[in-house]
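Only one structure is covered here, and it is reproduced in the block below.
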Number of protein chains: 2
Amino acid sequence: MRGASAARHPVAYEGGVTGTPRGELMQIGQVAERTGLSLRTIRFYEENGLVIPTARSEGGFRLYSENEVARLEVIKRMKPLGFSLEEMQELLTLLADLNAATGDREQLVDRLRMFHEAATARVTALKKELAVAEGFATTLAERLDASR
Amino acid sequence: MRGASAARHPVAYEGGVTGTPRGELMQIGQVAERTGLSLRTIRFYEENGLVIPTARSEGGFRLYSENEVARLEVIKRMKPLGFSLEEMQELLTLLADLNAATGDREQLVDRLRMFHEAATARVTALKKELAVAEGFATTLAERLDASR
DNA sequence: AAACTCGTCCCTCACGTCAGGGTTGGTTGC
DNA sequence: GCAACCAACCCTGACGTGAGGGACGAGTTT
């Protein structure tokens, strides 16, 4: 059995002591476990250029570093905003570019502003949805009460 | 041109004075206008047994009564709860059956309770999503601030 | 004639699911 | 000391799903 088997079950996967001694690469299953995403989803994200493994094993296994995991976590945070995968990719590279502090920040910041606007718009939409959902839930509750 | 043209735009569709003189049937376009759903969506709902026109014209046009419009409004209220069309249909008939006060209410009420539970669960999920969305939005705002 | 509607068909998005085969790495048998 | 084996893991590819969107050519209403 492989070392993975030890981490497969509830044996702690803590910082570098047992599991993956910092700097080591993990394969897709471990990434899925840590991010809560499905293997299929992670592969799908790759198909769409969102998260590309840093390496492949001899036999073709995807190998990821902490970097990719972080990227996936960001994506998870973006999801409720309802952006498409394409938009998420754009935003991710946009943020990276901004961090890289390359020349013409103007355009970048402009696009960032647009994303921010879209985000707040979506937030208000979500609030509205939530209100409707709550309303319907209480309607159901009343019906329940009525027919008791 | 149909009388609809007047109502097509923000002319109020108020109680039976101008528009559709109570008791009259309307065709799909008018229903779409009133509910804010697309024609395609309404037809799609029919395909799935959710809302069936009370009648058809000689030539096959769908004709709806206020009843159907009400049903569509209920569906609209359900949507944020994330139920599938099948579940929505079930819930709709369930509510109708309950109103009809037929025999074995026990089972019906039980199912209703399940729906209510699902609804509240979904509400908490929505709240969580909203929180994440808000969090990300402020993250974006901070980035914007930082690169100003 | 203009506006409206019909049914049919293919498209989208973000995955789920299934099939069939390959890889990894530890343990056995020789 | 090394081939065989095994379980767990992973691969690609293809098709399915849910909830519609869009386009089309033809028919209907007004």
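Predicted, not measured: the structure shown is a model, and the values here were computed from it. Residue numbers start from 1 in every chain, and the chains themselves are labelled A, B, ... in the order their sequence lines are given, proteins ahead of strands.
Other residues, nucleotides and ligands contribute more than 12 heavy atoms inside 6.0 Å of the CD atom of A/Glu73. Taking a 6.0 Å sphere around CD of A/Glu87, one finds it holds more than 12 heavy atoms contributed by other residues, nucleotides or ligands. Other residues, nucleotides and ligands contribute more than 12 heavy atoms inside 6.0 Å of the CD atom of B/Glu47.
Of all nucleotides listed (D/dA19, C/dT23, D/dC11), D/dA19 comes nearest to the side chain of B/Leu85. Here D/dC11 is the nucleotide among D/dC11, D/dG20, C/dT5 with the atom lying nearest to any side-chain atom of A/Arg56. Each of C/dT24, D/dG21, C/dC15 was ranked by its minimum atom distance to the side chain of A/Phe61; first place goes to C/dT24. Closest approach to the B/Gln27 side chain among C/dT24, D/dG20, C/dT5 is made by C/dT5 (side chain taken as heavy atoms from C-beta onward).
One finds a side-chain N or O of A/Ser57 lying less than 4.0 angstrom from the OP1 or OP2 phosphate oxygen of C/dT24. Contact annotation: B/Ser38 reaches the phosphate of D/dG21 (side-chain N/O to OP1 or OP2, under 4.0 Å).
Residues of residues 118-134 of chain A that place a heavy atom closer than 4.0 Å to DNA chain D do not occur. Within residues 39-47 of chain B, the residues approached by DNA chain D to less than 4.0 Å at the level of any non-hydrogen atom are B/Arg40, B/Thr41, B/Phe44, B/Tyr45, in residue-number order.
The nearest pair of heavy atoms linking A/Leu108 to A/Asp97 is CD1-CB, 3.9 Å.
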side-chain contact (heavy atoms from CB on, under 4.5 Å) evaluation trace for B/Arg111 with B/Leu94: CA-CA 8 Å; B/Arg111 290 214 53 55; B/Leu94 176 55; 3.9 Å; yes
Are A/Phe115 and A/Leu81 close enough, and set up right, to give a side-chain contact (heavy atoms from CB on, under 4.5 Å), and what steps lead you there? CA-CA 10 Å; A/Phe115 271 108; A/Leu81 289 172; over 6 Å; no
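Hydrophobic clustering (side-chain heavy atoms under 4.5 Å, transitive across Ile, Leu, Val, Met, Phe, Trp, Tyr) groups B/Ile75 together with B/Leu39.
A salt bridge links B/Lys127 to A/Glu134: one of the charged nitrogens lies within less than 4.0 Å of a carboxylate oxygen.
In this entry the distance linking CD of A/Glu86 with C1' of C/dT12 reads 12 Å, nearest Å. Remark: C1' of D/dT29 and CD1 of B/Ile28 are 15 Å apart, rounded to the nearest angstrom. Atom pair B/Tyr64:OH and C/dT5:C1' shows a separation of 11 Å (rounding to whole Å applied). Nucleotide C/dT24 holds its C1' atom 12 Å from the CD atom of A/Glu58, rounded to whole Å. Distance A/Leu37 CG to C/dC15 P: 8 Å, rounded to the nearest Å. Separating the CE atom of B/Met78 from the C1' atom of D/dA19 is a distance of 16 Å, rounded to the nearest angstrom. If you measure from atom NZ of B/Lys76 to atom P of D/dG20, you get 12 Å, rounded to the nearest angstrom. As a whole-Å value, the separation of B/Lys79 NZ from D/dA19 P is 10 Å.
Judged by distance alone, the side chain of B/Thr54 and the main-chain N or O of B/Leu63 form a donor-acceptor pair under 3.5 Å.
A/Phe61 is not listed as a side-chain neighbour of A/Arg56, based on a closest heavy-atom distance of 4.5 Å or more.
Comparing A/Gly59 and A/Asn48 by the nucleotide of DNA chain C whose heavy atom lies nearest to each, the residue mapping closer to the 5' end is A/Asn48.
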